[in-house]
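So the structure is just underneath, and the comments pick up after that.
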Amino acid sequence: MARPAVLRKPLGFVGRYEHKPGAEKNRTHYCPGCGHGILHKLIAEALEDFEITDRAIMISPVGCSVFAYYYFNAGNLQVPHGRAPAVATAVSRANPHAVVMSYQGDGDLAAIGGNHIVQAANRGENIAVFFVNNAIYGMTGGQMAPTTIEGMKTTTTPYGRNPLTDGYPMKISELLDSLHAPVFIARTSLHDPANIRKTRAAVRKAIQYTIEKKGFSLVEVLSMCPSNWKMDAVSSQEWIRDVLIPVFPLGTLRDRGSEAVEMKRPVPTFDPAKVREVLGVGGGKQKALARRRVDPKYADPSIRIAGFGGQGILSAGTAIANVGLEYGYNVSWLPSYGPEMRGGTANCSVKIREGSIGEPEATQPTVVIAMNRPSMEKFEQILKPGGTLIYNSTLIEVEPGRKDVETWAVPITGIADGLGNTKVQSMVAVGAFAGVTGLFGLDDIKGLLPAMFESEAMVLLNEKAVEAGYDYVTGMRR
Ligand SMILES: Cc1ncc(C[n+]2csc(CCOP(=O)(O)OP(=O)(O)O)c2C)c(N)n1
Ligand code: SF4
C-alpha cells in the first residue's frame, strides 16, 4: 500500500521564521499572491532532497528578495544592491565545497547589477542564480525595471513604458545565452501548478549542476507581484499567462550540464615572495624584513587615520600599509572618499594582519591617528576600549574625551613646520605610529622612502620627518 504523503515544511527552511518585533508571527514578509514564497519552497525542498543544508550558501541582495535571509536553512550573506554575483563568485571560489546560490530580483539583477551578472556568467562561475522577474521594482513601490514590458504602467512610467523614451524590456536569459560559458539557462513561471512543476525541475537542475561543479546556471522565474501590478492574486496569474509570457517565452534556452565536465579551477595560492616580486615591493628583495617583537596590544592593528584634505591622510595610510607589506604581513588600505564638508574629515583604514583580513574598514580601530579636531571627535568614539589615540596636539587644543584608551599628544604639524615643510606632517605621523606601536623599525621605514619619493631632497626631508615623529614619542616614553 502506498504511504500517505506527509505535508510538512521542508527542512531547507528554518524551523521558525524570525520577524521584526511586533510583526505577526504566522505570516511571511511577502504580500498575498506573491511568487517569492512559491520559489522559496521549491528551493527549500531541493536543499533538503540534495542534503546540502550544511553547505548551501544563499546570497540575498536588495529588494523583496532580501527576505530570503529569514527563511532558508542555509548560510546567508546579504549584499549590496546588484552585487550578489560578485559575492557569490568570491564565496564559491574560496570554498569550492559550498553550493552557492544567488537569489535576485529584476531591478537588482538587470539594472544596478546588470554588469555583475553578465561578467559572472561569462566567467562561468559555479553558482546557481535564481532570477525573479516580476517586471517591476517590488520593494520600493513599483518603479519601472529593465524587464517592464512595453505599455506597462509603473510609478515611473505612468503613461506606460514607451520604448522611444524608456527602451525595450530586457531579455536577460537570451542575453546570457549569447555567452559561451553558462551551462544551464531556463525561463519558467509560477502562474499555475504545471509551470510550478517545471520551475521545480529547473531549480533542481541548477542546484544539481552547482553541486557537480559544472559552472554557471540561471533560472529566470516569471513571478507575480500583485501589490505593484495593482491586481488580485488570480488576475496576476492570468496576466503572466496572457501578457508576460508572450514577451518572455518560457523554456530551456541551454542545457549543457550532461556534457560539461567538473570545473577544476586552480585554487589560488599565496606565495609572498612572488607577490613581492610582482608588486615590486622591497626594491627587488625577495625576503621580507625581519619582524620585530611587538607588544600583543599592537599585534594585528586596525588603524584609522583621519584629518582634513591636504594633510596627507591617504599617503600616511599608504606608507603604513606598505611598510606592513615589507614585513610580510597581509595588509589592507581603504580610503574613504565620502562627500566630506570642506574642513571636515577625510580618512582611511589600514589593517595589518598575520592572518587573513575579512573586512578592510576599521570599524572599531585599535589605533586612531587624528590630525585635526573634527577627526578626533568623530573617531575617538569608535576606538576600541584599551586602544590607542595619537592626536595632533598642534591643531587639537582640547583633551580627548575617552578615558579608557591610551592617548599620545604629538605636535605633528608643529614638528613638520619645524622641518620647514608642513606637508611632511603625514610622515611625522607615520614615525609617531612606529614609535608608539613598535611595529616598524625606523631604519626599515627610511629604507622604503626612495621608492616613495622621486627627488633625493624629498627623501631626505621625509627621512627627517619620520625620525622626528619617532623620536618625539620614544622621548615621551623615557
Ligand atoms: C544602492 C541602492 N540603490 C537603490 C536602493 C533602493 N532599492 C531597494 S529595493 C529596490 C528595487 C528592487 O527591485 P527588484 O530587484 O526588482 O526586487 P523586488 O523587490 O521586485 O523583488 C531599490 C531600487 C538600494 N537599496 N540600494
Ligand atoms: S511587493 Fe511584490 S515582490 Fe514584493 S512581496 Fe509584495 S508582491 Fe512580492
Side-chain angles (χ1 to χ4, degrees), residues 17 19-20 23-24 27-43 58-72 76-88 101-118 120 129-149 152-157 161 166-167 169-173 187-191 196 199 218-240 244 247-248 337-339:
Y17 304 147
H19 285 244
K20 287 186 181 152
E24 289 177 51
R27 45 181 287 194
T28 70
H29 291 81
Y30 303 113
C31 311
C34 174
H36 276 298
I38 304 172
L39 183 58
H40 276 27
K41 182 153 184 266
L42 300 179
I43 297 171
M58 176 73 79
I59 316 289
S60 45
V62 168
C64 293
S65 321
V66 72
F67 297 125
Y69 56 40
Y70 283 104
Y71 299 106
F72 291 103
N76 187 285
L77 278 164
Q78 197 276 317
V79 302
H81 215 1
R83 273 52 182 174
V87 177
M101 296 162 294
S102 138
Y103 186 104
Q104 303 178 254
D106 43 12
D108 184 83
L109 180 141
I112 193 167
N115 188 35
H116 282 281
I117 193 69
V118 172
V129 179
F130 300 115
F131 169 37
V132 180
N133 178 357
N134 54 20
I136 206 157
Y137 284 17
M139 178 176 263
T140 41
Q143 295 84 359
M144 187 191 91
T147 46
T148 296
I149 63 171
M152 183 174 167
K153 290 189 174 134
T154 68
T155 56
T156 44
T157 54
R161 180 174 190 166
D166 314 317
M170 201 180 262
K171 299 185 180 179
I172 290 292
S173 290
R187 185 183 288 121
T188 65
S189 170
L190 298 173
H191 71 280
I196 292 173
T199 306
L218 176 130
V219 184
E220 174 174 347
V221 182
L222 303 187
S223 172
M224 296 74 72
C225 178
S227 299
N228 287 299
W229 295 352
K230 314 259 184 280
M231 294 177 198
D232 61 34
V234 174
S235 315
S236 299
Q237 293 166 338
E238 291 167 353
W239 190 77
I240 291 191
L244 212 52
V247 181
F248 296 108
Y337 299 110

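All ligand and atom numbering here is 1-based and tracks the order in the structure. No hydrogens, no waters, no symmetry mates; every other heavy atom, side chains included, goes into these values.
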* Passing option when Pro61 is tested against Val87, Ile112, Val79 for side chain to side chain contact (heavy atoms under 4.5 Å, CB included) ->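 When Val87, Ile112, Val79 are each tested with Pro61, the side chain to side chain contact (heavy atoms under 4.5 Å, CB included) holds only for Val79.
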From [X] atom [atom1] to [Y] atom [atom2], the distance as rounded to the nearest 0.5 Å:
X	Y	atom1	atom2	answer
Ile149	Met144	CD1	CE	12.5 Å
Asn228	Cys64	CG	SG	7.5 Å
Ile136	Gln143	CD1	CD	8.0 Å

Go through ligand 1 atom by atom and flag the ones less than 4.0 Å from a non-hydrogen atom of [X].
X	answer
Ile136	16 (O), 20 (O)
Asp108	14 (P), 15 (O)
Asn134	20 (O)
Ile112	1 (C)

* Ligand-side contact atoms (ligand 2) for residue partner Tyr30, heavy atom cut-off under 4.0 Å ->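 So the answer, numbered in order with elements, is 5 (S).
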* To do: Using a strict 4.0 Å cut-off to heavy atoms of Cys34, name the atoms of ligand 2 that fall inside it.
  =>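 Near Cys34, meaning under 4.0 Å from one of its heavy atoms, ligand 2 has 3 (S), 5 (S), 7 (S), 8 (Fe).
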Answer with side chain, backbone, both or neither: which part of [X] has a heavy atom less than 4.0 angstrom from an atom of ligand 1?
X	answer
His81	side chain
His36	side chain
Leu109	neither
Asp106	both
Val132	neither

* Does Ala145 offer a backbone N or O that forms a donor-acceptor pair with the side chain of Arg161 under 3.5 Å? ->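 Between the backbone of Ala145 and the side chain of Arg161 there is a qualifying donor-acceptor contact (under 3.5 Å).
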* Has the side chain of Thr147 got a donor or acceptor atom that lies under 3.5 Å from a matching backbone atom of Met170? ->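 Not a single qualifying donor-acceptor pair exists.
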* **Sub-4.0 Å heavy-atom approach of Asn228 to ligand 1** =>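 Distance cut 4.0 Å: Asn228 fails for ligand 1.
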* Asked: Under the side-chain contact (heavy atoms from CB on, under 4.5 Å) criterion, do Leu222 and His191 qualify, and how do the steps go?
  -> CA-CA 8 Å; Leu222 303 187; His191 71 280; over 6 Å; no
* **side-chain contact (heavy atoms from CB on, under 4.5 Å) evaluation trace for Met139 with Phe67** => CA-CA 11 Å; Met139 178 176 263; Phe67 297 125; 3.5 Å; yes
* Asked: Run the side-chain contact (heavy atoms from CB on, under 4.5 Å) check on Met224 and Trp239 step by step: do they pass?
  -> CA-CA 9 Å; Met224 296 74 72; Trp239 190 77; over 6 Å; no
Among all protein heavy atoms, pick out the one at the shortest distance from [atom]; state its residue, atom name and that distance to 0.1 Å.
atom	result
atom 4 (Fe) of ligand 2	Cys64 SG, 2.3 Å
atom 13 (O) of ligand 1	Tyr137 CA, 3.6 Å
atom 8 (C) of ligand 1	Val62 CG1, 3.4 Å
atom 7 (N) of ligand 1	Thr140 CG2, 3.5 Å
atom 14 (P) of ligand 1	Gly107 N, 3.4 Å
atom 6 (Fe) of ligand 2	Cys31 SG, 2.3 Å

* Closest heavy-atom contact between Gly35 and Ser223? ->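 Minimum heavy-atom separation between Gly35 and Ser223: CA-OG, 3.2 Å.
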* **For Asp106 against Asn134, the heavy-atom pair lying closest together** =>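 Heavy atoms only, the tightest pair is OD2-N, 3.1 Å.
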* Quick one: look at Cys225 and ligand 2, take heavy-atom pairs under 4.0 Å, and tell me if it's side chain, backbone, both or neither. =>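 Both backbone and side chain.
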* Asked: For ligand 2, does His36 get within less than 4.0 Å through its side chain, its backbone, both, or neither, judged by non-hydrogen atoms?
  ->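 For His36, only side-chain atoms sit under 4.0 Å from ligand 2.
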* Does an N or O from Cys64, backbone or side chain, lie closer than 3.5 Å to an N or O of ligand 1? ->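 It does: an N or O of Cys64 is found under 3.5 Å from an N or O of ligand 1.
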* Asked: So is Gly63 polar-close to ligand 1, meaning N/O to N/O under 3.5 Å?
  ->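 Min N/O separation from ligand 1 is not below 3.5 Å for Gly63.
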* Asked: Do His29 and Tyr70 make the cut of ring centroids closer than 6.0 angstrom?
  ->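 Distance test on ring centres: under 6.0 Å, yes.
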* Asked: Does the gap between the ring centers of His40 and Tyr103 come in under 6.0 Å?
  ->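 Ring-ring flag for His40/Tyr103: true, centres closer than 6.0 Å.
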* To do: List for me each residue that meets salt bridge (Lys or Arg N to Asp or Glu O under 4.0 Å) alongside Lys171, sequence neighbours excluded, and say none if there are none.
  =>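 Counting only residues at least two positions away or on another chain, Lys171 forms no salt bridge (Lys or Arg N to Asp or Glu O under 4.0 Å).
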* Asked: Which of these, Asn228, Ile136, Asn134, has its nearest heavy atom closest to atom 1 (S) of ligand 2?
  ->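 The nearest heavy atom belongs to Asn228.
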* Which residue from Gly105, Ser223, Ala145, Gly138 reaches closest to atom 20 (O) of ligand 1 through any of its heavy atoms? ->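 Minimum heavy-atom distance to atom 20 (O) of ligand 1 goes to Gly138.
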